Amino acid sequence: EYTMSIAINSYCNSNQVDYGFSLLGWFFKLGHVPSATTFSPLLKGLFRANRSDEALELFKKIIGEGLCELNVVLYGVVIDGLCKAGNTARAIELLRVMERRSCMPDTYICSALINGLSKGGMMDSALKLFYEMLEKCITPDVVTYTSLLHGLCNSSRVQDARIVMKEMVACKIYPDVITFNIMIHALCKEGLVDEAEDVVRIMIQNNEVPDRITYNALMEGYCLQSRMDDAMKVFESMASRSIASDIYSYNILINGYCKKKKIDDALLLFHEMSEKGFNPDVTTYNTILQGLFCVSRCSAALELFDEMQVVGQKPNFFTYCNMLDGLCENGHVQQAILLLDTLDNKGLDLHINYYNIVMDGLCKSGRLDTAQVLFKYIPSKGLQPDVVTYTTMIKGYCQGGLLKEAKNFLVNMKQKSCLPN
RNA sequence: AAGGGUUUCAUACAAA
């Protein structure tokens, strides 16, 4: 039983949950009785593979057929899975259910929930839960505090995050590398890269060793401030501290140069990374594509688009957004429409953003009528216009002097319960 | 033998 449980867990952790289920069949045939320990990894595996429907079905079956006793770990897996699938409301319901069944939530459960709520921008609920756990004498640990701090950072409340950091130290729960990295990253995103450097010094004083994520965050901070030389200095300092750079490091720097329209420096790094044994990934290609279009090197971009597919990097959502936008921005709206048709014909997943981009291109080139045609075509693709779609059309019609039509879109979006922002 | 936290890429609007 031990051996098989270990094997099931291994499969689930390596995204091969179906093999895990085959083992479960064998497990039953041998006459073993499964426990929560058997099912938790399977549930986790399903959630990780974005198969939350199946996970929930299994969970119901476990309860309905009494396949095993539920314990706090199993609840934890399901609650975390629900949060990661964006279903925090249901996760909280489940928290209440387990409480009613007198299975008391622990620090792991609360942290998972606080993390989920924070990621969903529901900071009020996250904080409420945090106080609730204090009342119930569930002790927060470094992960709980870090999740909270991360949420505050993501909602631009870096000052509040600093307070949380002081508070945790006062409770003798000390920030670790991850906590510091989150702070550093947040400061960098706010443009406060010098303050981020201060935090690096503080973490070193506290015997936490900066890792590659720390330095990558710092490099991004300098890039955002257009301080490419400082970014490169950090990059070089990593090597001297024998911290290996990774593909993130390269992608961050390449993006920095692309945003400054220094495509040649970006391409230099692009070639250097291959020499150093880092194969450019989809993100690298997407970034360079954007950089090439930015300086109107359209044919080079189209070549790179082919090249990436030749070397086995499959274009993704970002690739197509970059291609469509790049073509439009350079006056090739017609080609963008062709690409959109190609995606459609290939049966690839279309996305409302693709239409938003092309419609914007059409509006900017004064072809409101065609934009309108595309707009009407959206529902037939099983897609729904979003705020960006409406804003694009409204702006297009306003700038074309057709205020009445613009206003119609505003009324229309409200009727479709798409709220203006 | 099972559960929680960190870094990179895209579209509208946003001052001129």
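What's counted below: heavy atoms across the whole structure, side chains too, no hydrogens, waters or symmetry copies. A, B, ... follow the sequence lines: proteins, then strands. Residue 1 opens every chain. This structure is a prediction, so every number in the text was calculated from the model and none was measured.
- Listed by chain and residue number, Asn356(A), Thr389(A) satisfy the side chain to side chain donor-acceptor pair (under 3.5 Å) test with Asp386(A) (two or more places apart in sequence, or in another chain).
- Closest approach to the Asn353(A) side chain among U11(B), G5(B), U7(B) is made by U11(B) (side chain taken as heavy atoms from C-beta onward).
- Here G5(B) presents its P atom at 15 Å from CG of Asn181(A), a figure rounded to the nearest Å.
- Under the 6.0 Å cut-off for aromatic ring centres, Phe39(A) and Phe59(A) do not qualify, their centroids lying 6.0 Å or more apart.
- To the nearest angstrom, C1' of U7(B) lies 14 Å from CD1 of Ile243(A).
- Taking every heavy atom of residues 189-199 of chain A and every atom of RNA chain B, pairs under 4.0 Å involve Lys189(A), by number.
- In summary, the side chains of Thr144(A) and Asp141(A) do present a donor paired with an acceptor at a separation below 3.5 Å, with no hydrogens or angles considered.
- Sorted by residue number, the members of residues 315-330 of chain A with any non-hydrogen atom under 4.0 Å from RNA chain B read Phe317(A), Phe318(A), Cys321(A), Asn322(A), Asp325(A).
- Partners of Phe270(A) under the ring-ring contact (aromatic ring centres under 6.0 Å, His included) rule, at least two apart in sequence or in another chain, are Tyr285(A).
- Annotation: side chain to side chain donor-acceptor pair (under 3.5 Å) contacts of Tyr397(A) (sequence neighbours excluded): Gln372(A).
- For residues 72-93 of chain A, the salt bridge (Lys or Arg N to Asp or Glu O under 4.0 Å) pairs, not counting sequence neighbours, are Asp80(A)-Lys84(A).
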Between the protein and nucleotides 1-4 of chain B, are there any N/O to N/O pairs under 3.5 Å, and if so, what are the atom names and distances?
from	atom 1	to	atom 2	distance (Å)
A2(B)	N1	Asn71(A)	ND2	2.7
A2(B)	N3	Ser40(A)	OG	3.1
G3(B)	OP1	Lys44(A)	NZ	3.4
G3(B)	N1	Asp106(A)	OD2	2.8
G3(B)	N2	Asp106(A)	OD1	2.7
G3(B)	N2	Asp106(A)	OD2	3.0
G4(B)	O6	Tyr108(A)	OH	3.4
G4(B)	N1	Asp141(A)	OD1	3.4
G4(B)	N1	Asp141(A)	OD2	2.8
G4(B)	N2	Ser111(A)	OG	2.3
G4(B)	N2	Asp141(A)	OD1	2.6
G4(B)	N2	Asp141(A)	OD2	3.3
G4(B)	N2	Thr144(A)	N	3.4
G4(B)	N2	Thr144(A)	OG1	3.3
G4(B)	N3	Ser111(A)	OG	3.3

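- Applying the side chain to side chain donor-acceptor pair (under 3.5 Å) criterion to Tyr390(A), with sequence neighbours excluded, gives Asn412(A).
- Backbone-only engagement by Thr287(A) is indicated by non-hydrogen atom pairs under 4.0 Å involving sugar-phosphate atoms exclusively.
- Both geometric conditions, a ring-centre gap below 5.5 Å and a plane tilt below 30°, are fulfilled for Tyr248(A) over the base of U7(B).
- Looking at heavy-atom distances under 4.0 Å, Ile357(A) makes contact with sugar-phosphate atoms alone, never a base.
- Under 4.0 angstrom from either OP1 or OP2 of U8(B) there lies at least one side-chain N or O belonging to His185(A).
- Applying the salt bridge (Lys or Arg N to Asp or Glu O under 4.0 Å) rule to pairs touching residues 209-230 of chain A yields Lys189(A)-Glu220(A), Asp194(A)-Arg227(A), Arg227(A)-Asp230(A), Asp230(A)-Lys233(A), sequence neighbours excluded.
- Atom CD1 of Ile254(A) and atom P of A10(B) are 14 Å apart (whole Å).
- A straight line from CZ of Phe130(A) to P of G5(B) spans 17 Å, rounded to a whole angstrom.
- The phosphate of A12(B) (OP1 or OP2) has a side-chain N or O of Lys364(A) nearer than 4.0 angstrom.
- The nearest whole Å value for the distance from the CD1 atom in Ile288(A) to the P atom in A10(B) is 13 Å.
- Here salt bridge (Lys or Arg N to Asp or Glu O under 4.0 Å) pairs that include residues 276-287 of chain A, with residues two or more places apart or in two chains, are Glu272(A)-Lys276(A).
- Thr319(A) and Asn322(A) share no donor-acceptor pair across their side chains, judged by distance under 3.5 Å alone.
- In this structure, Leu253(A) atom CG and U7(B) atom P are separated by 17 Å, rounded to whole Å.
- With hydrogens and angles left out, the side-chain atoms of Asn13(A) and Ser10(A) include no donor and acceptor closer than 3.5 Å.
- Within residues 211-219 of chain A, the residues approaching RNA chain B are Ile213(A), Asn216(A), by heavy-atom distance under 4.0 Å.
- Listed by chain and number, the residues in a ring-ring contact (aromatic ring centres under 6.0 Å, His included) with Tyr19(A) are Tyr11(A) (sequence neighbours excluded).
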